[in-house]
Amino acid sequence: MTRQPLVGGNWKMNLNAASGQSLAAGVAQGLESIHGHCDVVLFPPFPYLLTIAEQCGSAQLGGQDVSQHQQGAHTSEVSGDMLVDCGCTTALVGHSERRQNLGETNEMASNKVHAALDAGLRVLLCVGETLEARQAGHTREVVLEQLAGSLQGINSQVWDRIDLAYEPVWAIGTGQTAGPEQAQEVHAILRTEVESRYDARSAGRTRILYGGSVKPSNTAELMACGDVDGVLVGGASLEAESFLDIVRAVART
Ligand code: PGA
């Protein structure tokens with residue numbers, strides 16, 4: 001089963017209006033000359049979504065988060081409908097920086113998955129273990145618990161609109177990438193779990209991205225793993241050329 005690879009650029013809370021626009025314009029221009037099949041989604045900070053929507057060319061746009069709620073008295077939150085209004089196709093859900101620093105639980109992530117899907121968005125759901133969990137041999141247990149907890153009540157009909165990202169917490173922003181074998185091992189665990197939750201067809205179609213210190217120099221070896229279908233990039237997505245080099249490496253696979 002061939003899966004269209006996906007590259008996400010998670011800008012996190014970086015850049016400003018001017019540098020964000022020029023990054024998006026640089027990425028858009030570079031994408032014009034990249035031949036090969038690869039979906040690209042940029043995740044800028046919320047305030048810049050509307051302007052970046054005009055600059056991002058063939059790249060899609062995503063929200064770094066989405067509210068669990070549809071509307072109402074939820075100060076500072078951004079709903080799925082608002083993301084759609086701003087031109088987003090996708091919402092990132094359950095990023096470890098939200099789980100760890102802002103107390104986001106699996107239940108909240110699950111509500112967000114539902115809210116995003118209800119608004120017509122795709123979801124990129126992140127899971128990943130801490131260094132302590134890995135060292136204690138609990139990686140499998142942790143990612144499966146996050147997966148099950150974040151997908152409560154999600155049936156096979158909507159599964160087609162969900163992509164997964166395995167992002168080991170110890171590899172995010174640390175320069176320490178999971179080796180291809182480590183990534184492949186967890187990706188295979190996730191795919192097998194999708195098969196047992198849904199069916200072989202759904203598992204075969206699910207894109208599972210790797211994230212955590214992805215750079216141009218380690219993208220090809222990660223993409224060579226059978227169950228790695230793309231990458232979610234933080235730091236290296238903040239500069240057009242390094243991000244485009246990653247997209248090129250992915251599009252060549
Ligand atoms: P990083 O971040 O590439 O800077 O490690 C990845 C992410 O958090 O999505």
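Side chains are part of it too, since the values below use all heavy atoms of this structure and drop only hydrogens, waters and symmetry mates. Along the sequence shown, the residues carry numbers beginning at 1.
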- Message: Would the distance check show the side chain of Gln55 and the main-chain N or O of Ala25 forming a donor-acceptor pair, the cut-off being under 3.5 Å?
- Response: no
- N-O pairing of Asp229 and Arg205 below 4.0 Å: no
- Output for pair (His74 NE2, Ser67 OG), nearest 0.5 Å, gives 6.0 Å
- Pairing of Arg207 and Asp163 as salt bridge, 4.0 angstrom limit: yes
- Is any side-chain N of the basic residue among Arg134 and Glu129 closer than 4.0 Å to the acidic one's carboxylate O? yes
- Hey, does Val186 have a side-chain heavy atom less than 4.5 Å from the side chain of Tyr210? no
- Message: Less than 4.5 Å apart, side chain to side chain, heavy atoms only: is that true for Arg197 and Leu151?
- Response: yes
- To the nearest 0.5 angstrom, please state how far the OG1 atom of Thr206 sits from the CD atom of Glu195. 10.0 Å
- Does a sphere of radius 6.0 Å around CD in Gln70 hold more than 12 heavy atoms from other residues, nucleotides or ligands, not counting ones at 6.0 Å or beyond? no
- Check whether more than 12 heavy atoms from other residues, nucleotides or ligands sit under 6.0 Å from atom CD of Glu107, and answer yes or no. no
- Query: If you group Ile, Leu, Val, Met, Phe, Trp and Tyr by side-chain heavy-atom gaps below 4.5 Å, do Tyr166 and Leu125 land in one group?
  - Reply: yes
- Message: Looking only at side-chain N and O atoms, does Asn16 offer a donor or acceptor that is under 3.5 Å from a partner on Ser19?
- Response: yes
- Residue pairs meeting side-chain hydrogen bond (donor to acceptor under 3.5 Å, both in side chains), one or both in residues 4-14, sequence neighbours left out, come to Gln4-Asp39, Lys12-Glu97
- Task: Examine the side chains of Trp170 and Thr130 and answer whether a donor and an acceptor come within less than 3.5 Å of each other.
- Result: no
- Task: Would you please name every residue forming a side chain to side chain donor-acceptor pair (under 3.5 Å) with Ser202, sequence neighbours left out?
- Result: Asp199
- Pairs where residues 173-185 contributes a residue and the test salt bridge (Lys or Arg N to Asp or Glu O under 4.0 Å) is met, not counting sequence neighbours: none
- Query: Mind checking whether Leu92 and Val214 sit in one hydrophobic cluster, side chains of I, L, V, M, F, W, Y counted as touching below 4.5 Å?
  - Reply: no
- Item | Heavy-atom side-chain contact between Met13 and Pro45 under 4.5 Å | no
- Item | Any side-chain heavy-atom pair of Leu15 and Pro44 under 4.5 Å | no
- Item | Residue pair Gln60 / Thr89, side-chain donor-acceptor N/O under 3.5 Å | yes
- Item | Distance-only donor-acceptor check, side chains Arg99 and Ser150, under 3.5 Å | yes
- Message: Taking Thr177's backbone N and O only, do any of them form a donor-acceptor pair with Ser213's side chain (distance below 3.5 Å, no angle check)?
- Response: no
- Message: Would you say that more than 12 heavy atoms from the other residues, nucleotides or ligands in this model lie under 6.0 Å from the CD of Glu145, or not?
- Response: no
- Close side-chain approach of Leu6 to Cys38, heavy-atom, < 4.5 Å: no
- Message: If I take atom CD from residue Gln21 and atom CD1 from residue Ile52, how far apart are they, to the nearest 0.5 angstrom?
- Response: 5.5 Å
- In one Ile/Leu/Val/Met/Phe/Trp/Tyr side-chain cluster, 4.5 Å: Val233, Leu31: yes
